[in-house]
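To start, the structure under review is shown below, and the notes come after it.
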Amino acid sequence: MVAVTPIFVKNLEDLLEQPLMKAIVFDQGCFFRARLEAWLISHNIMNYHKTVINSIEGVVNFIESGIGFSFLPEEIVSTFYSGRKIKTHALPKEIGAVKNALIYRKESVSSPVLKAFISLFT
């Protein structure tokens with residue numbers, strides 16, 4: 001996960017020094033929003049403006065227009081939005097690293113597709 005900002009934001013320190021932070025977030029319950037809010041709280045930022053958008057394309061459009069920043073998956077941003085006027089910033093490992101778990105029944109017959117998928121991570 002990375003912080004995604006308008007292109008004019010040089011680094012995370014500049015972002016944190018803005019008088020009023022403007023975050024572009026998904027609805028309540030979103031993992032990325034929770035991490036963003038935890039990051040802000042860890043920097044003693046309690047007063048910030050939230051704009052709720054329900055699509056990654058919308059979030060990127062708002063960021064590109066200079067309205068605010070967000071946390072998004074690095075792979076999505078680099079794959080689909082690399083030509084946009086946005087900038088990504090690495091986050092500290094405790095905020096930016098994401099663990100995923102695959103839960104399935106061992107006693108079930110697994111398909112060749114599932115086995116191939118699991119082999120990508122083992």
Side-chain angles (χ1 to χ4, degrees):
M1 183 170 24
V2 291
V4 184
T5 66
I7 199 148
F8 57 81
V9 175
K10 294 178 184 151
N11 53 47
L12 291 178
E13 291 76 27
D14 285 351
L15 182 66
L16 290 167
E17 291 175 3
Q18 293 182 359
L20 178 60
M21 299 288 288
K22 294 180 182 176
I24 312 300
V25 296
F26 293 103
D27 275 333
Q28 287 286 21
C30 172
F31 175 79
F32 303 110
R33 178 178 178 166
R35 287 282 176 104
L36 184 147
E37 291 176 341
W39 181 75
L40 289 173
I41 290 168
S42 75
H43 287 88
N44 295 319
I45 297 172
M46 309 299 174
N47 187 22
Y48 60 95
H49 178 76
K50 292 181 273 232
T51 300
V52 177
I53 303 292
N54 289 317
S55 72
I56 290 180
E57 183 68 31
V59 170
V60 171
N61 287 339
F62 270 57
I63 295 168
E64 188 174 37
S65 67
I67 293 173
F69 78 103
S70 193
F71 284 7
L72 295 171
E74 191 276 331
E75 186 71 20
I76 298 290
V77 175
S78 64
T79 301
F80 299 106
Y81 300 102
S82 62
R84 304 289 287 270
K85 293 179 182 170
I86 57 175
K87 192 170 187 179
T88 60
H89 308 269
L91 294 167
K93 188 176 180 180
E94 61 273 5
I95 295 288
V98 178
K99 281 189 175 185
N100 290 305
L102 177 63
I103 301 170
Y104 63 97
R105 292 180 177 259
K106 284 187 176 183
E107 66 273 4
S108 302
V109 176
S110 59
S111 72
V113 174
L114 178 59
K115 287 179 182 176
F117 181 73
I118 292 171
S119 73
L120 293 172
F121 305 100
T122 56

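Note: hydrogens, waters and symmetry copies are ignored here, and every other heavy atom, side chains too, is used.
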Please say whether more than 12 non-hydrogen atoms of neighbouring residues, nucleotides or ligands are located less than 6.0 Å from [atom1] in [X].
X     : atom1 : answer
Lys22 : NZ    : no
Phe31 : CZ    : yes
Asp27 : CG    : yes

Check your understanding: Can you tell me if Glu74 uses its side chain to pair, donor with acceptor, with the backbone of Val2 under 3.5 Å?
Key ->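 Not at all, since once roles are kept as given, no pair shorter than 3.5 Å links the two residues.
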Practice item. May I ask you to decide if Val4's main-chain N or O and Ser70's side chain share a donor-acceptor pair within less than 3.5 Å? Key: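 No: the side chain of Ser70 does not pair with the backbone of Val4.
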What is the distance from atom [atom1] of [X] to atom [atom2] of [Y], rounded to the nearest 0.5 Å?
X     : Y     : atom1 : atom2 : result
Phe62 : Ile53 : CZ    : CD1   : 3.5 Å
Ile24 : Phe71 : CD1   : CZ    : 13.0 Å
Gln18 : Leu20 : CD    : CG    : 8.5 Å
Glu17 : Leu12 : CD    : CG    : 11.0 Å
Lys50 : Leu36 : NZ    : CG    : 10.0 Å

Minimum heavy-atom separation for [X] to [Y], with atom names?
X     : Y     : answer
Pro6  : Gly66 : CG-CA, 3.7 Å
Met1  : Leu91 : O-CD1, 3.7 Å
Arg35 : Glu94 : NH1-O, 3.9 Å
Lys10 : His89 : O-CE1, 3.7 Å
Asn11 : Asp14 : OD1-N, 2.8 Å
Ala23 : Tyr48 : CB-CD1, 4.3 Å

With a 4.5 Å cut-off on side-chain heavy-atom distances among I, L, V, M, F, W and Y, is there a chain of contacts connecting [X] to [Y]?
X     : Y     : value
Ile7  : Val60 : no
Phe69 : Leu16 : yes
Ile63 : Val9  : no
Ile45 : Ile67 : no

Practice item. Quick one: sort the Phe26 and Phe32 rings into parallel, tilted or perpendicular, breaks at 30° and 60°. Key: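 Tilted, since the angle between the ring planes falls between 30° and 60°.
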For residues [X] and [Y], determine if any side-chain heavy atom of one lies less than 4.5 Å from a side-chain heavy atom of the other.
X     : Y     : answer
Met21 : Leu15 : yes
Tyr81 : Leu72 : no
Gln28 : Val52 : no

